[in-house]
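Structure first, commentary second.
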Amino acid sequence: LLLVVPLLGGAFFGIVPLLFPDLLAAWAGAPGNDHYMYWLAGAATFGYAVALALGVRQTAWAPVRMLVAAVLTFNLASLYTCALEIAGGSARPIIYLICGTSVALVGLCAALLARHRGAADGAPNIAPWLVWLLRVATLLAAIFGLLPLLAPVTFVQLGGGQGTDIFLYRQAGAATLGYATMGLLQLRSRHWAA
């Protein structure tokens, strides 16, 4: 049931940029020039809500462990983006809301992972072709997570964007980096149930 907390965060912070990019831009004090990036950030964040909704229905730890680790990674990276915005002196109230939510989710996810740290996966049982697919997906998630997180303007300008909504680009990278963590854990486990 604790998964409902990040589910609600993922739903809210996913739906707003996905459906209301101009509203989020106004809340964040950003120009809102790159709607496509808002939609991508919203979709990446909302993906966690969808996965967590499925995870809430699980009765075992293995099917949600990697998802919880991904949420932890996402929110640690989100704290980095919030810290940069706050240190820059231009943080609006929405940044503090995101920061507070990320702090709570980091604590929750770390506690869940610590509580279940002894749980083991079964023997690897996925097909070799799936391992290659996971490798490619994980590499792409790492690239599209780290680049906007660490070099947001360059990343967006390479794609033809204007490079003006830095906080949002970093948040999109943070969300995507969580998927890279999940991919690494899937490659390590290679167990279908996990």
Side-chain angles (χ1 to χ4, degrees), residues 1-21 23-25 27-28 37-83 85-86 91-122 134 137-138 141 144-145 149 167-168 170-189 191-194:
L1 288 177
L2 290 176
L3 297 179
V4 170
V5 175
L7 186 158
L8 294 173
F12 177 77
F13 291 115
I15 288 172
V16 172
L18 190 58
L19 300 180
F20 310 104
L23 178 63
L24 180 60
W27 285 350
M37 284 302 294
Y38 280 78
W39 298 331
L40 289 176
T45 303
F46 191 69
Y48 288 97
V50 172
L52 287 162
L54 296 172
V56 166
R57 301 179 57 196
Q58 297 297 322
T59 57
W61 172 245
V64 296
R65 181 189 62 186
M66 294 176 196
L67 177 57
V68 171
V71 172
L72 175 64
T73 300
F74 174 12
N75 284 280
L76 285 170
S78 176
L79 286 175
Y80 166 75
T81 68
C82 289
E85 197 74 11
I86 292 167
R92 304 283 289 274
I94 189 73
I95 305 301
Y96 291 100
L97 176 63
I98 293 169
C99 186
T101 302
S102 292
V103 167
L105 293 179
V106 164
L108 175 71
C109 291
L112 284 171
L113 290 167
R115 179 177 177 200
H116 296 284
R117 69 179 160 265
D121 290 336
L134 284 171
T138 301
F144 286 96
L149 186 66
F167 178 76
L168 178 81
R170 285 192 168 121
Q171 282 297 106
T176 308
L177 191 59
Y179 293 120
T181 296
M182 190 182 325
L184 288 172
L185 293 173
Q186 290 169 338
L187 286 168
R188 185 173 155 213
S189 167
H191 186 70
W192 181 254

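Nothing here was measured: the structure is a model prediction, and the numbers come from that model.
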Could you pull out all donor-acceptor pairs under 3.5 Å where a side-chain atom in residues 40-57 meets a protein atom, sequence neighbours excluded?
residue	atom	partner	partner atom	Å
T45	OG1	A41	O	2.9
Y48	OH	A175	O	2.6
Y48	OH	Y179	N	3.3

Just distance, no hydrogens or angles: give the donor-acceptor pairs under 3.5 Å from side chains in residues 67-81, sequence neighbours left out.
residue	atom	partner	partner atom	Å
T73	OG1	A69	O	3.1
T73	OG1	T181	OG1	2.9
N75	OD1	S102	OG	3.1
N75	ND2	V71	O	2.8
S78	OG	S102	OG	2.9
S78	OG	Q171	OE1	3.1
S78	OG	Q171	NE2	3.2
T81	OG1	S78	O	2.7
T81	OG1	Q171	OE1	2.3

Could you tell me which non-hydrogen atom of [X] sits nearest to which non-hydrogen atom of [Y], and how far apart they are?
| X | Y | value |
| --- | --- | --- |
| P17 | G14 | CD-O, 3.4 Å |
| Q58 | V64 | CG-CG1, 4.1 Å |
| I86 | C99 | CD1-SG, 4.4 Å |
| I98 | C82 | CG2-SG, 3.7 Å |
| L18 | W39 | O-CD1, 3.2 Å |
| L3 | P6 | O-CD, 3.2 Å |

Pairs meeting criterion side chain to side chain donor-acceptor pair (under 3.5 Å) with involvement of [range], two or more places apart:
| range | answer |
| --- | --- |
| residues 2-16 | none |
| residues 7-18 | none |
| residues 9-18 | none |

Does W61 have any ring pair (Phe, Tyr, Trp, His ring centres under 6.0 Å) partners at least two apart in sequence or in another chain, and if so, which?
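Result, ring pair (Phe, Tyr, Trp, His ring centres under 6.0 Å) vs W61: H116.
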side-chain contact (heavy atoms from CB on, under 4.5 Å) between F12 and T101: does it pass, once the steps are laid out?
CA-CA 11 Å; F12 177 77; T101 302; over 6 Å; no
Side chain R117, main chain A114, donor-acceptor under 3.5 Å:
yes
When rounded to the nearest 0.5 angstrom, what distance separates CD1 in I15 from CG in L24?
13.0 Å
Measure the spacing between CE of M66 and CG of L187 and express it to the nearest 0.5 Å.
9.0 Å
